[in-house]
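Written out below as structure tokens is the structure these notes cover.
The basis for the numbers below is simple: all heavy atoms, side chains too, and nothing from hydrogens, waters or symmetry mates.
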Amino acid sequence: MFQAFKALMKRDLLLAFRHRGELANPLLFFFMIVTLFPLGVSPEVTLLRKIAPGVIWIAALLAALFSLENLFRSDFEDGALEQMLLSPQPLSLLVLAKVLAHWLVSGLPMLLLAPLLGLLLAMPEPAIAALELTLAIGTPLLSLIGAIGVALTVGLRRGGVLLTLLIMPLYIPVLIFATNAVTAAAAGMPIAGQIYFLASLLVLALTLAPLAIAAALRISVS
Amino acid sequence: MPSPNPPHINAPLAVVDLECIRGDNLLFSGLNFSLREGQLMQIEGANGSGKTSLLRILAGLSRSSEGQVLWEGEDILKHRTAYFSQVAYLGHTLGVKSDLSPVENLKISLALANIRFDEETVYRVLEQTGLAGKEDMPARSLSAGQKQRVALARLLVCPAKLWIMDEPFTALDVSGVGLVRELLESHLQRGGMAVLTSHQAVEVRGNIVRVNLSEG
């Protein structure tokens, strides 16, 4: 069973590696949104410091949504998705492999870039640490939730707008708890509550989202 | 509507009162047939008569609006895991990743089918399907017929009992058609079953059953 999980993850990583150019797109998007704020709003340090958690998290959220759109697209078009659905392996495990591979090439680079953006927006050190922690828990969560919407809309010709409408409301709790944690950390307050909440959401998504993604794919392909 | 033989529920594959509606169109209804070991079923019918829809229902990819597909007496939708380990499906879209080489494509198919393998088998099978020398080229540089051969290689290594093939002869050259015929004949001799659609007459030796979706 784990042979298929490993093989599929390896395949997706290999495919991503062969399209390195496309990989940079969401990351560049993330970087651009954040860097435009000091230029567009105000370079004043106190203001930037105040809006930084929200700005970085909103950028991360949009970049995640942007990168997810193609999660199942090419597999759907070339028939690899059908073959995946017809595998005797549990489909929820296979989709988890795909989502994990996707997070490794899209979420993880954002996690690495975020401290730099934090410095750019003059965030204090404890806030940057909190930002990293919330992104580490939050970005896999975004991938898992987003994948449900992508699975539902993969068969549609113009699923992009619908995907945004479906997924955004589900992203909002993540956004609220994450930015709240970072703001609290900047003010020197404890953030354990928000982190536990995010972590419990991640556990919930890890267990339930693969089942929902699998069911949604079966509907989309039929 | 056609029903060439009454449904024998105890046949390995049995179709009972199948009906398919796409949009507002009734494609077929009251379809009954069964398939036994060593039999090949050719599905005929005009364009748009529901051949591909029928194959997708048989493969468990789509749902029928009425009726059931039974595999060894059990509804395939309720026993997916058991059924999928017995079936190989070759559709319109081949499931061949154009950024991967034939070797990489075959390896992922084997892993998904949960089959243990070694490098040697993979190369031997690709040679058998006429892809010698092309094993490590990205599939995007292969012709349509060669890509189809990559998909056919999957059938050679997966021990599926039932092959479901949608137009397996299109895009293939004379030797490719010969290859598919050979594969089918040896599969039937081993007691395998196959369901396929084709516009050409299938010159496969063996027990062939025909179903025409346009009649009736």
Side-chain angles (χ1 to χ4, degrees), chain A residues 1-23 70-98 100-102 105 151 154-156 211 214-222, chain B residues 20 22 52-53 55-65 76-77 79-101 103-117 138-140 147-148 150-151 154-155 158-160 162 164 166:
Chain A
M1 187 149 58
F2 288 98
Q3 189 204 0
F5 182 88
K6 257 172 32 199
L8 197 62
M9 204 167 99
K10 224 174 92 187
R11 185 201 77 174
D12 272 22
L13 290 176
L14 188 66
L15 283 171
F17 180 70
R18 289 192 182 158
H19 285 270
R20 280 175 295 251
E22 280 172 38
L23 271 186
N70 295 320
L71 179 57
F72 297 114
R73 174 79 51 205
S74 76
D75 282 359
F76 180 75
E77 278 163 3
D78 62 23
L81 193 59
E82 283 174 357
Q83 295 301 329
M84 207 171 100
L85 258 60
L86 294 176
S87 162
Q89 311 289 340
L91 184 57
S92 43
L93 200 71
L94 299 179
V95 297
L96 191 61
K98 276 192 75 73
L100 188 59
H102 180 267
V105 296
V154 69
L156 308 174
L211 298 174
L217 282 178
R218 287 212 194 275
I219 294 169
S220 284
V221 167
S222 73
Chain B
C20 177
R22 281 282 171 274
T52 297
S53 300
L55 287 193
R56 291 178 65 89
I57 292 169
L58 287 181
L61 281 172
S62 311
R63 280 166 183 274
S64 57
S65 39
I76 59 164
L77 293 175
H79 297 82
R80 279 211 182 97
T81 315
Y83 183 57
F84 287 164
S85 58
Q86 303 283 334
V87 177
Y89 174 74
L90 185 65
H92 270 301
T93 45
L94 298 169
V96 174
K97 285 259 156 221
S98 51
D99 289 317
L100 299 179
S101 69
V103 170
E104 289 160 337
N105 267 302
L106 197 55
K107 279 185 182 169
I108 184 76
S109 305
L110 284 164
L112 283 182
N114 209 11
I115 296 166
R116 305 228 158 261
F117 57 92
R140 75 163 69 256
K147 275 189 202 170
Q148 195 146 347
V150 179
R154 199 165 60 214
L155 296 181
C158 299
L162 173 64
I164 299 176
D166 200 349

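Interface check for chain A: of the options B:L100, B:L90, B:T93, the most heavy-atom pairs under 4.5 Å are formed by B:T93. When each of A:L81, A:L14, A:L86, A:L94 is checked for heavy-atom pairs under 4.5 Å with chain B, A:L86 comes out on top. Residue with the most contacts toward chain B among A:A7, A:S74, A:G79: A:G79 (heavy-atom pairs, distance under 4.5 Å). Between chain A and the options B:V87, B:T81, B:L112, B:N105, the largest number of non-hydrogen pairs under 4.5 Å is found for B:L112. By number of non-hydrogen pairs under 4.5 angstrom with chain B, the leading residue of A:M84, A:E77, A:K10, A:Q3 is A:Q3.
Side chain of B:R56 to backbone of A:V221: a donor-acceptor contact under 3.5 angstrom is found. Between the side chain of B:R154 and the backbone N or O of B:S109 there is no donor-acceptor pair closer than 3.5 Å. Distance alone, capped at 3.5 Å, places no donor-acceptor pair between the A:S222 side chain and the B:R63 backbone.
Of the charged side-chain nitrogens involved, none lies within less than 4.0 Å of a carboxylate oxygen, so that B:E104 and B:K97 do not count as a salt-bridged pair. With respect to B:R140 and A:D78, no salt bridge is recorded, no charged nitrogen being found less than 4.0 Å from a carboxylate O.
The distance from the NZ atom of A:K98 to the CG atom of A:D12 is 3.5 Å, given to the nearest 0.5 Å.
Contact annotation for B:I115: only backbone heavy atoms (N, CA, C, O) come within less than 4.5 Å of a heavy atom of chain A. Looking at B:I108, the atoms closer than 4.5 Å to chain A (heavy atoms on both sides) all sit in the side chain, from C-beta outward.
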